[in-house]
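To find a chain, count down the sequence lines: A is the first, B the second, and so on, and within it residues start at 1.
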Number of protein chains: 2
Amino acid sequence: MLGFHSHDHTACIQTAVAAADAHCRAEKLQFTPVRRRVLEILLENHRAKGAYEILDQLRDEGFGSQPPVAYRALDFLVAHGFAHKIERLNAFVACAHAGADHTPAFLICRECSAVAEAEAGPGRAAIAAAARAEGFTVERVVIEAMGLCPRCAKAA
Amino acid sequence: MLGFHSHDHTACIQTAVAAADAHCRAEKLQFTPVRRRVLEILLENHRAKGAYEILDQLRDEGFGSQPPVAYRALDFLVAHGFAHKIERLNAFVACAHAGADHTPAFLICRECSAVAEAEAGPGRAAIAAAARAEGFTVERVVIEAMGLCPRCAKAA
DNA sequence: TTGATACCTGTTACATTATAACATATCAAG
DNA sequence: CTTGATATGTTATAATGTAACAGGTATCAA
């Protein structure tokens with residue numbers, strides 16, 4: 001799992017962008033400049049970023065300046081598993097397990113918005129069991145833990 | 001667990017309001033008319049309701065007509081465990097386990113917004129384990145499953 | 001009872017997040 | 001190269017959420 005520990009982040013970005021590029025080629029999806037750029041912006045750090053924060057950056061770089069530009073790119077990235085929405089923050093993060101079929105659980109720092117993505121297999125199984133008992137059909141599961149990352153916990 | 005099955009809903013409401021009333025007395029919290037009414041509105045059915053939907057009803061009944069009126073009552077109810085926010089929908093539900101210390105997991109129908117509240121003990125334990133491994137301090141966990149309730153699944 | 005204090009209600013005004021609808025441009029396939 | 005689908009960009013507006021202040025109400029100590 002990609003957590004709060006330091007790592008080779010340049011490689012981290014390159015790998016993720018390359019993976020997205022390859023996946024889009026394979027699936028005949030259009031990995032356009034705006035979409036690529038938004039993914040790169042999300043990858044700049046493992047932090048949740050709001051749509052308007054991303055939009056500001058796009059505008060500065062000569063892309064469109066209106067909300068739908070950012071939202072549509074984000075929708076694309078989320079729909080194809082390259083990014084996730086953090087419901088709790090109304091914000092977005094790059095997916096840390098691009099390509100792999102996974103059920104993410106997010107650990108979100110309330111101080112710095114850093115986000116780590118853990119596998120939630122067991123948690124999901126527990127929910128599936130409860131759902132079955134109710135006759136409920138699960139399509140998607142959101143698991144978000146708010147708290148303090150090691151760095152911010154130490155600072156406090 | 002209170003699920004999607006039919007039950008004596010009148011008793012369900014009365015019990016919940018009485019429990020909130022008693023808890024507020026015990027804790028010296030003010031269970032004011034707006035707060036009581038908002039809880040009743042949420043209890044009318046086991047469905048997520050938006051702040052503005054609730055506000056419309058408050059306005060029609062002679063309470064204040066501006067957003068903070070609804071948001072403040074909702075904040076109170078959530079802070080004291082009488083209601084929960086469904087992040088995925090930007091909406092609120094009455095708590096189905098009033099008073100009890102619990103970690104809820106929500107089953108949310110995407111068709112009718114019906115919400116069932118399950119215990120997420122095991123799921124939470126799995127997250128706590130992942131968090132410990134990262135040195136992350138968990139303060140709150142949101143678990144929301146989107147899908148179809150039995151009724152809507154049958155209709156489709 | 002009165003004054004002090006904290007809390008609650010309601011308002012105006014505004015901030016933030018998100019979408020609908022439409023025109024133009026670009027791409028992919030025959 | 002035309003056609004149909006997809007993507008981009010725009011304007012305008014909807015939906016959700018808060019800050020800040022004025023006035024009211026509960027509580028409690030003196």
Side-chain angles (χ1 to χ4, degrees), chain A residues 20-21 24-39 41-42 48-80 82-93 108 110 113 142 144, chain B residues 20-21 24-39 41-42 48-80 82-93 108 110 113 142 144:
Chain A
D21 202 336
C24 287
R25 265 177 229 289
E27 301 287 330
K28 296 202 188 303
L29 300 171
Q30 301 184 43
F31 197 44
T32 62
V34 209
R35 291 169 177 178
R36 172 186 294 264
R37 188 65 194 117
V38 171
L39 179 57
I41 290 169
L42 289 178
K49 293 187 180 173
Y52 281 76
E53 181 181 351
I54 290 164
L55 181 59
D56 287 344
Q57 203 164 335
L58 290 178
R59 177 167 30 230
D60 291 348
E61 295 173 10
F63 292 95
S65 63
Q66 300 305 315
V69 171
Y71 280 103
R72 285 192 292 230
L74 287 165
D75 284 350
F76 173 87
L77 295 173
V78 168
H80 296 97
F82 304 129
H84 300 288
K85 178 166 189 183
I86 304 296
E87 299 291 344
R88 192 57 192 270
L89 302 178
N90 296 318
F92 302 81
V93 278
I108 308 158
R110 68 169 152 79
S113 296
V142 171
E144 297 176 356
Chain B
D21 202 336
C24 287
R25 265 178 229 289
E27 302 286 330
K28 297 202 189 300
L29 301 170
Q30 301 185 44
F31 197 45
T32 62
V34 208
R35 292 170 177 179
R36 173 186 294 264
R37 189 64 194 118
V38 171
L39 179 57
I41 290 169
L42 289 177
K49 294 187 180 174
Y52 282 77
E53 181 181 351
I54 290 164
L55 181 59
D56 286 345
Q57 203 165 334
L58 290 177
R59 178 166 31 232
D60 291 350
E61 296 174 10
F63 292 94
S65 62
Q66 300 305 315
V69 171
Y71 280 104
R72 285 193 291 229
L74 288 165
D75 285 350
F76 172 87
L77 295 174
V78 168
H80 296 96
F82 304 131
H84 300 288
K85 178 166 190 182
I86 304 296
E87 300 291 342
R88 192 54 194 273
L89 301 178
N90 296 318
F92 302 82
V93 278
I108 308 158
R110 67 168 153 79
S113 296
V142 171
E144 298 175 356

query: Between which nucleotides of DNA chain D, read 5' to 3', does contact with chain B run, using atoms under 4.0 Å from its heavy atoms?
result: D:dT16 to D:dA20
- prompt: How far apart are the closest heavy atoms of A:Leu42 and A:Val93, and which atoms are they?
  reply: CD1-C, 4.1 Å
- prompt: What are the two closest heavy atoms between A:Leu77 and A:Leu39, and how far apart are they?
  reply: CD1-N, 3.7 Å
Mind checking the [atom1]-[atom2] spacing from [X] to [Y]? Nearest 0.5 Å is all I need.
| X | Y | atom1 | atom2 | value |
| --- | --- | --- | --- | --- |
| A:Ile54 | A:Phe92 | CD1 | CZ | 7.0 Å |
| A:Glu144 | A:Ile86 | CD | CD1 | 5.0 Å |
| A:Lys85 | A:Asp75 | NZ | CG | 9.0 Å |

message: Between A:Lys49 and A:Ile41, is there a side-chain heavy-atom distance shorter than 4.5 Å?
response: yes
field: Within-4.5 Å side-chain heavy-atom neighbours: B:Asp21 and B:Arg36
entry: yes
Identify all pairs in which a protein N or O lies below 3.5 Å from an N or O of nucleotides 16-22 of chain C, and state each distance.
residue, atom, partner, partner atom, Å
C:dA18, OP1, A:Lys85, NZ, 2.6
C:dA18, OP2, A:Tyr71, OH, 2.9
C:dA18, O5', A:Tyr71, OH, 3.4
C:dA18, N7, A:Tyr52, OH, 2.5
C:dA18, N6, A:Tyr52, OH, 3.3

query: By ring pair (Phe, Tyr, Trp, His ring centres under 6.0 Å), which residues pair with B:Phe82, not counting sequence neighbours?
result: B:His23
Residues which pass ring pair (Phe, Tyr, Trp, His ring centres under 6.0 Å) with A:Phe76, listed by chain and number, not counting sequence neighbours: A:His80
Pairwise N/O distances under 3.5 Å, protein to nucleotides 26-30 of chain C:
none

task: Starting from P on C:dT11, measure out to CZ on B:Phe63 and report it in whole angstrom.
output: 12 Å
- prompt: What integer distance in Å separates B:Leu58:CG from C:dT11:P?
  reply: 11 Å
- request: Kindly say if B:Arg59 contacts the phosphate of C:dG10, meaning a side-chain N or O under 4.0 Å from OP1 or OP2.
  value: no
Identify every side-chain donor-acceptor pair in residues 59-70 of chain A under 3.5 Å, counting partners at least two apart or on other chains, and give the distances.
residue, atom, partner, partner atom, Å
A:Arg59, NH1, A:Ser65, O, 2.8
A:Arg59, NH2, A:Asp56, OD1, 2.7
A:Glu61, OE1, A:Arg37, NE, 2.7
A:Glu61, OE2, A:Arg37, NE, 3.4
A:Glu61, OE2, A:Arg37, NH2, 3.0

